[in-house]
Peer 1: 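This is the structure I want to talk about, given as structure tokens.
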Amino acid sequence: MYNVMSPKAEEFINHEEVLESLAYAEANKNNRELIEKILEKAKERKGLSHREAAVLLDCGLEDKNQEIFALAQQIKKDFYGNRIVMFAPLYLSNYCINGCEYCPYHLKNKHIARKKLTQEEVVKEVMALQDMGHKRLALEAGEDPVHNPIEYILECIDTIYSIKHKNGAIRRVNVNIAATTVENYRKLKEAGIGTYILFQETYHKESYEKLHPTGPKHDYAYHTEAMDRAMDGGIDDVGLGVLFGLNNYRYDFTGILMHAEHLERYKGVGPHTISVPRLRRADDIDPDVFDNGISDEIFEKIVACIRIAVPYTGMIVSTRESKACREKVLHLGISQISGASRTSVGGYVEPEPEEENSAQFDVSDNRTLDEVVRWLMEMGYVPSFCTACYREGRTGDRFMSLLKSGQIVNCCHPNALMTLKEYLEDYASQGTKEIGDKLIEKELEVITNPKVKERVMEYLANIHSGQRDFRF
């Protein structure tokens with residue numbers, strides 16, 4: 001029985017409810033009256049149910065599809081403005097005891113180079129990231145209680161936060177590690193993490209169990225219920241994701257929205273972020289079995305429909321996607337992107353020779369952070385390195401209430417401009433700096449509160465003179 005308030009995975013992600021929703025969407029994909037009704041509801045900016053969103057995803061009416069894309073773009077602007085948050089992944093270890101069939105870290109892969117960073121190597125990787133200009137990291141590690149125990153992760157977090165290099169500092173560490181216990185989530189919270197991220201991969205239980213034949217990750221319920229435990233452990237912000245290309249995209253699209261509904265209703269706050277990775281080529285993975293699975297056009301519509309259905313959540317797209325694809329989905333709902341990513345252990349200090357590949361997947365967008373920042377600004381976006389909400393305690397339900405009310409813009413836009421100014425002063429090439437300074441001057445006019453504007457201009461002058469880390 002479907003029950004959004006149930007703590008049991010098979011009830012809040014109920015298989016029969018998903019199938020009924022997909023059948024309903026298929027039957028109504030050309031139902032103009034219903035689609036218009038759903039779009040009118042969506043214009044209220046309060047979100048849609050998973051079933052209503054499934055109808056929009058299946059919509060076969062071209063004029064209504066254009067409305068869907070236009071509405072997604074407008075909702076993105078309403079909630080997030082033109083800010084794009086920047087981050088980078090940091091791979092700590094690729095030791096793993098799971099048998100995930102789509103991931104090169106799987107236990108049976110004997111020719112991948114197994115690596116684990118020492119604390120000295122963590123320092124070097126972080127300094128390399130700081131020298132690029134990054135302020136926000138997402139930690140990645142395989143599941144291995146011997147090589148990667150929670151104590152190792154906690155030690156790495158402590159090391160990362162301790163590193164002050166030139167004007168660089170990592171101000172927010174998000175963590176993407178395997179499902180664990182309430183006690184361990186409490187330890188991560190105490191260590192000062194930002195968002196806990198865990199990809200479901202697929203919500204289809206039978207497919208999930210086949211794709212994860214061995215190891216702790218085989219347990220569908222334990223994995224799917226991890227976000228509830230994370231919140232029980234005091235973590236305010238959690239991030240959902242599925243790996244599109246593993247299973248029927250319509251099923252997983254519906255599943256991730258059901259998961260968001262469950263967290264909103266049962267825990268009182270929905271996901272801080274939703275990631276939409278697509279499967280990429282990787283070592284020891286048969287390309288004839290796994291590929292992207294869905295076209296760019298379908299991918300773009302998935303992004304647009306998630307943005308409409310869950311307007312408050314941040315949406316993430318990584319360097320898995322090409323420059324061209326990222327450019328399209330930025331307009332449709334994406335609010336966070338990675339830049340200059342390395343998906344190998346130790347890859348920021350010294351890129352690996354191909355024969356020693358330890359990367360989790362191939363990167364499609366190989367540009368430097370400076371190139372990505374300049375590209376965003378040339379499109380009119382404000383690259384943001386801001387971590388103020390996390391450090392000011394604006395997390396969980398407090399962050400969501402500010403976002404839903406539209407008040408968060410009074411903090412986010414000024415903070416984005418100030419962190420961009422830091423980047424321009426410390427790390428940008430001359431051409432990027434010139435573009436950025438002009439953009440900041442233009443964006444100051446967006447600030448309507450005269451006192452806020454005056455203070456921002458004061459802080460920007462202070463940053464130019466060498467001071468750092470101002471925030472609202």
Side-chain angles (χ1 to χ4, degrees), residues 84-94 96 103 105 116-117 122 125-130 132-143 148 150 152-161 163 168-180 185 188-189 191-201 226-227 230 235-243 271-278 280 313-321 326 334-348 358-361 363-365 369 372 383-387 389-391 395 419:
I84 301 294
V85 172
M86 308 301 301
F87 76 97
L90 174 58
Y91 282 75
L92 301 176
S93 170
N94 61 9
C96 192
C103 177
Y105 289 5
K116 171 185 173 181
L117 296 180
V122 170
E125 286 285 287
V126 171
M127 288 173 64
L129 285 157
Q130 289 174 346
M132 292 184 205
H134 278 295
K135 306 294 184 189
R136 176 189 302 241
L137 300 184
L139 299 190
E140 314 275 350
E143 184 170 11
N148 315 326
I150 191 66
Y152 171 68
I153 304 298
L154 296 172
E155 186 181 9
C156 289
I157 294 169
D158 186 58
T159 296
I160 292 165
Y161 278 138
I163 302 165
I170 301 302
R171 298 170 180 168
R172 177 171 177 137
V173 175
N174 298 332
V175 174
N176 182 359
I177 61 169
T180 187
Y185 287 126
L188 288 170
K189 170 68 175 178
I193 74 163
T195 304
Y196 172 68
I197 303 161
L198 183 66
F199 292 174
Q200 180 63 27
E201 322 301 3
M227 295 308 185
I235 295 176
D236 297 320
D237 296 335
V238 298
L240 304 179
V242 292
L243 187 51
H272 188 73
T273 58
I274 290 179
S275 297
V276 287
R278 282 192 290 180
R280 304 301 305 176
T313 196
M315 290 188 68
I316 300 173
V317 70
S318 73
T319 51
R320 288 173 181 263
E321 301 298 339
R326 299 217 293 177
I334 296 301
S335 57
Q336 294 188 27
I337 66 170
S338 52
S341 301
R342 297 289 182 269
T343 67
S344 57
V345 180
Y348 291 107
S358 69
Q360 190 180 32
F361 58 86
V363 168
S364 295
D365 187 346
L369 183 59
V372 172
S384 174
F385 297 85
C386 178
T387 59
C389 284
Y390 157 68
R391 293 189 293 154
T395 58
T419 58

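Index from 1, following the sequence.
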Peer 1: Please step through side-chain contact (heavy atoms from CB on, under 4.5 Å) for the pair Leu240 and Thr273, ending with a clear verdict.
Peer 2: CA-CA 6 Å; Leu240 304 179; Thr273 58; over 6 Å; no

Peer 1: Does any N or O in the side chain of Ser384 come within less than 3.5 Å of the main-chain N or O of Cys386, such that one atom is a donor and the other an acceptor?
Peer 2: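 Such a contact is found between Ser384 side chain and Cys386 backbone.
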
Peer 1: Taking only Lys NZ, Arg NE, NH1 and NH2, and the carboxylate oxygens of Asp or Glu, determine whether Asp365 and Arg320 approach each other closer than 4.0 Å.
Peer 2: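 Answer for the salt bridge query: no.
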
Peer 1: What I'd like to find out is whether the side chain of Arg136 reaches to under 4.5 Å of the side chain of Val85, using heavy atoms alone.
Peer 2: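 When only atoms from C-beta onward are counted, Val85 and Arg136 do touch, with a gap below 4.5 Å.
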
Peer 1: Show your reasoning for whether side-chain contact (heavy atoms from CB on, under 4.5 Å) applies to Tyr91 and Tyr105.
Peer 2: CA-CA 12 Å; Tyr91 282 75; Tyr105 289 5; 3.1 Å; yes

Peer 1: Which atom pair, heavy atoms only, marks the closest approach of Ala191 to Ile157?
Peer 2: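 Heavy atoms of Ala191 and Ile157 come nearest at O-CG2, 3.7 Å.
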
Peer 1: Is Lys116 close enough and on-axis enough to Tyr152, meaning under 6.0 Å and within 45°, for cation-pi?
Peer 2: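 Yes, a cation-pi geometry.
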
Peer 1: Would you give the length of the straight line joining atom CZ of Phe199 to atom CG of Leu243, rounded to the nearest 0.5 angstrom?
Peer 2: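 Here the rounded value is 8.0 Å.
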
Peer 1: Looking at Ile163 and Val122, what are the two nearest heavy atoms and their distance?
Peer 2: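 Result for this residue pair: CD1-O, 4.4 Å.
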
Peer 1: Tell me if a side-chain donor or acceptor on Ser275 pairs with a main-chain N or O of Ile316 at a distance below 3.5 Å.
Peer 2: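 Answer holds: no.
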
Peer 1: Under the side-chain contact (heavy atoms from CB on, under 4.5 Å) rule, what do Thr395 and His272 come out as? Steps first, then yes or no, please.
Peer 2: CA-CA 9 Å; Thr395 58; His272 188 73; over 6 Å; no

Peer 1: Minimum heavy-atom separation for Ala141 to Ile153, with atom names?
Peer 2: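 That closest heavy-atom pairing would be CB-CD1, 4.1 Å.
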
Peer 1: Please name all residues satisfying side chain to side chain donor-acceptor pair (under 3.5 Å) with Arg172, sequence neighbours left out, ordered by chain then number.
Peer 2: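 Listed in chain order: Asn174, Thr195.
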
Peer 1: Could you pull out the closest heavy-atom pair between Ala169 and Lys135, with the gap in Å?
Peer 2: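 Closest pair (atom of Ala169, atom of Lys135, distance): O-CD, 3.3 Å.
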
Peer 1: With a 3.5 Å distance limit and no angle check, can you tell me whether His134 reaches the backbone of Phe385 through a side-chain donor-acceptor pair?
Peer 2: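 No; zero donor-acceptor contacts below 3.5 Å.
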
Peer 1: Indicate the atoms forming the closest heavy-atom contact of Gly239 with Met227, along with that distance.
Peer 2: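 Minimum heavy-atom separation between Gly239 and Met227: O-CE, 3.0 Å.
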
Peer 1: Can you tell me how far the CG atom of Leu369 sits from the CE atom of Met132, to the nearest 0.5 Å?
Peer 2: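 With rounding to 0.5 Å, CG (Leu369) is 7.5 Å from CE (Met132).
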
Peer 1: Considering all heavy atoms of both residues, which atom of Ser338 and which atom of Pro89 are nearest to each other, and what is their separation?
Peer 2: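 Looking at all heavy atoms of both residues, the shortest contact is CB-CD, 4.3 Å.
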
Peer 1: Among Ile160, Ile193, Asn176, whose side-chain contact (heavy atoms from CB on, under 4.5 Å) with Leu139 holds?
Peer 2: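 When Ile160, Ile193, Asn176 are each tested with Leu139, the side-chain contact (heavy atoms from CB on, under 4.5 Å) holds only for Ile160.
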
Peer 1: Before giving the answer on side-chain contact (heavy atoms from CB on, under 4.5 Å), spell out for Glu140 and Leu90 the whole-Å C-alpha distance, their side-chain angles and the decisive distance to 0.1 Å.
Peer 2: CA-CA 6 Å; Glu140 314 275 350; Leu90 174 58; over 6 Å; no

